[in-house]
Amino acid sequence: MRLLNKLILLAVGLITFLSCAQNKKEETKTFNLDQYIDSITSEVKHYPQEPMYYLRINQLNCIYEVLVNDRLVDRNYSLKQYATAKAINSSILKSGPQKVTYRLYPIGDLIKEEYGEGETVTTLLDNTEITIEVIRVADINTYESIVDDEKLILKHESKKNKNTAEFIGSGLPYYEYTFTFDAQVPYEIEGWTNAIDLRKLDQEKLELAIVNYYKEIQQLYKANDAASIMTMQYPMFERLAVNEYRDIAYIKEMVQEIYKPILIDNKDFQPIKDYKIQFFGDGRIVRLWHPSIFEKPDLDPRLNRKSAFYFLFTNKDDRKKVRFQGIALSIPKDKHKEGEFNFEYAR
């Protein structure tokens with residue numbers, strides 16, 4: 001009830017105008033961004049120690065996606081290697097075993113694009129490999145640098161064939177592997193675990209319902225309806241802030257990433273098509289995502305692995321720009337009714 005009351009307060013400010021001609025009431029929602037940020041900040045608890053977990057990923061001759069507890073935390077669709085460790089507390093809901101899954105894909109035309117020559121690679125190579133280090137920083141408030149203060153929890157290296165020393169997935173168009181590690185955090189959050197497994201529903205009806213819900217959100221964006229959109233996003237922001245012990249400055253920056261695009265005028269939404277349905281959170285979260293050009297060769301390369309929810313707009317310099325908005329949905333167990341699709345933004 002406490003969260004519900006806050007959400008109601010965040011959406012207040014309905015002003016009624018009387019139309020002299022037709023004597024009808026029109027309601028316009030106002031939105032107080034500072035109040036919204038303060039409300040999220042008030043939900044963040046602090047502890048004597050605030051541990052953070054990270055993944056450091058290095059790959060060779062592949063592109064990848066990495067998930068923690070079946071939520072996407074990192075992806076690299078280029079030949080580049082990134083030394084920076086990726087924070088993953090956002091996918092850790094409580095202490096105990098945590099699941100890490102990586103998905104490896106062939107490099108396709110990346111060598112040709114990088115060097116101007118070479119062949120299209122459609123399967124994983126003999127010398128494909130990935131290394132993932134799980135790192136823990138004991139207290140995010142006292143550490144000076146990850147390199148100095150990190151503790152290596154686990155190091156995973158992709159498996160090789162015992163007889164040939166070649167990558168075990170050599171010759172495959174796709175390879176997936178899962179391992180676990182133990183995490184200890186001072187919080188416990190319900191998050192997306194209080195949602196139904198959407199894979200068990202009628203998939204044709206589910207797809208239609210998702211597309212229709214995306215279109216409803218489109219209308220909110222077209223109307224610049226910040227109050228409705230931000231209220232829908234509130235539980236997600238709250239979870240992210242609590243998981244990472246965030247202060248008000250970071251929360252403000254995080255919220256602005258969603259808030260600012262809502263206010264863009266003359267948004268030209270593109271049709272929701274050429275998408276694939278992707279499930280996360282062990283089937284409790286769903287989103288529409290454009291496939292890779294491997295999966296759909298005739299797909300516009302600019303849509304490669306991007307959200308199916310996007311719009312074009314002209315910026316202040318009169319340049320044409322595009323904005324992709326990730327929309328992840330779930331259906332809470334207490335809102336599920338047979339034959340209905342009572343979606344919420346995934347927590």
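Worth saying up front: this structure is predicted, and the values here are computed from it rather than measured.
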Are [X] and [Y] side-chain neighbours, meaning at least one heavy-atom pair lies under 4.5 Å?
| X | Y | answer |
| --- | --- | --- |
| R246 | L240 | no |
| V211 | L288 | yes |
| R347 | M236 | no |
| P186 | P48 | no |
| L55 | I135 | no |
| D74 | N76 | no |
| E157 | K155 | yes |

For [Y], is there any backbone N or O sitting under 3.5 Å from a side-chain donor or acceptor partner on [X]?
| X | Y | answer |
| --- | --- | --- |
| Q203 | L201 | yes |
| D268 | L312 | no |
| Y36 | M230 | yes |
| D109 | K112 | no |
| N315 | R319 | yes |
| T193 | E190 | yes |
| Y64 | N58 | no |
| N69 | K99 | yes |
| Q98 | K94 | yes |
| N243 | L93 | no |

>> Applying side chain to side chain contact (heavy atoms under 4.5 Å, CB included) to F280 and R287, what does each step give before you reach the verdict?
In response: CA-CA 8 Å; F280 296 98; R287 65 192 304 173; 3.3 Å; yes

> In the hydrophobic cluster built from side-chain contacts under 4.5 Å, what are the other members alongside W289?
Replying inline: none

> Which ILVMFWY residues are connected to Y77, directly or by a chain of links, through side-chain heavy atoms under 4.5 Å apart?
Replying inline: I63, L79, Y105, I107, L110, I111, Y115, V121, L125, Y174

For residues 326-340, dump all side-chain donor-acceptor pairs below 3.5 Å to protein atoms at least two apart in sequence or in another chain.
from: K335; atom 1: NZ; to: E344; atom 2: OE2; distance (Å): 2.6
from: E340; atom 1: OE1; to: N342; atom 2: ND2; distance (Å): 3.3

Do we see a donor-acceptor contact under 3.5 Å between the side chains of [X] and [Y]?
| X | Y | value |
| --- | --- | --- |
| N224 | K267 | yes |
| S158 | Y102 | no |
| N141 | D139 | yes |
| E295 | S292 | yes |

>> Restricting to side chain to side chain donor-acceptor pair (under 3.5 Å), what partner residues turn up for D300, sequence neighbours left out?
In response: R302

Measure the spacing between [atom1] of [X] and [atom2] of [Y] and express it to the nearest 0.5 Å.
| X | Y | atom1 | atom2 | answer |
| --- | --- | --- | --- | --- |
| I37 | I251 | CD1 | CD1 | 8.5 Å |
| K215 | Q218 | NZ | CD | 8.0 Å |
| L263 | I229 | CG | CD1 | 9.0 Å |
| Y175 | I130 | OH | CD1 | 10.5 Å |
| Q325 | I217 | CD | CD1 | 10.5 Å |
| F279 | L206 | CZ | CG | 5.5 Å |

> According to the interplanar angle, ranging from 0 to 90°, do the rings of Y221 and F311 count as parallel (below 30°), tilted (30 to 60°) or perpendicular (above 60°)?
Replying inline: tilted

> Should the ring pair Y259 and F31 be called parallel, tilted or perpendicular, given that the plane angle runs from 0 to 90° and is split at 30 and 60?
Replying inline: tilted

Heavy-atom pair of closest approach, residues [X] and [Y]:
| X | Y | value |
| --- | --- | --- |
| P106 | L124 | N-CD2, 3.7 Å |
| P97 | D182 | N-OD1, 3.7 Å |
| T180 | L154 | O-CD1, 3.5 Å |
| K45 | E50 | O-OE2, 4.1 Å |
| Q59 | S78 | NE2-O, 3.7 Å |

> Picking from F309, F324, F313, Y310, what satisfies ring pair (Phe, Tyr, Trp, His ring centres under 6.0 Å) with F269?
Replying inline: F309

> Should E65 and R75 count as an ion pair when the cut-off is N to O under 4.0 Å?
Replying inline: no

> Step by step, would you call Y187 with S95 a side-chain hydrogen bond (donor to acceptor under 3.5 Å, both in side chains)?
Replying inline: CA-CA 8 Å; Y187 58 79; S95 296; over 6 Å; no

>> Against Y275, only a single residue in E207, H290, K306 fulfils side chain to side chain donor-acceptor pair (under 3.5 Å); can you say which?
In response: E207

>> Just to verify, what does R199 make a salt bridge (Lys or Arg N to Asp or Glu O under 4.0 Å) with, not counting sequence neighbours?
In response: D197

>> With side-chain hydrogen bond (donor to acceptor under 3.5 Å, both in side chains) as the rule and sequence neighbours excluded, what pairs involving residues 122-136 come up?
In response: Y53-R136, R56-E133, N61-N127, D126-S170

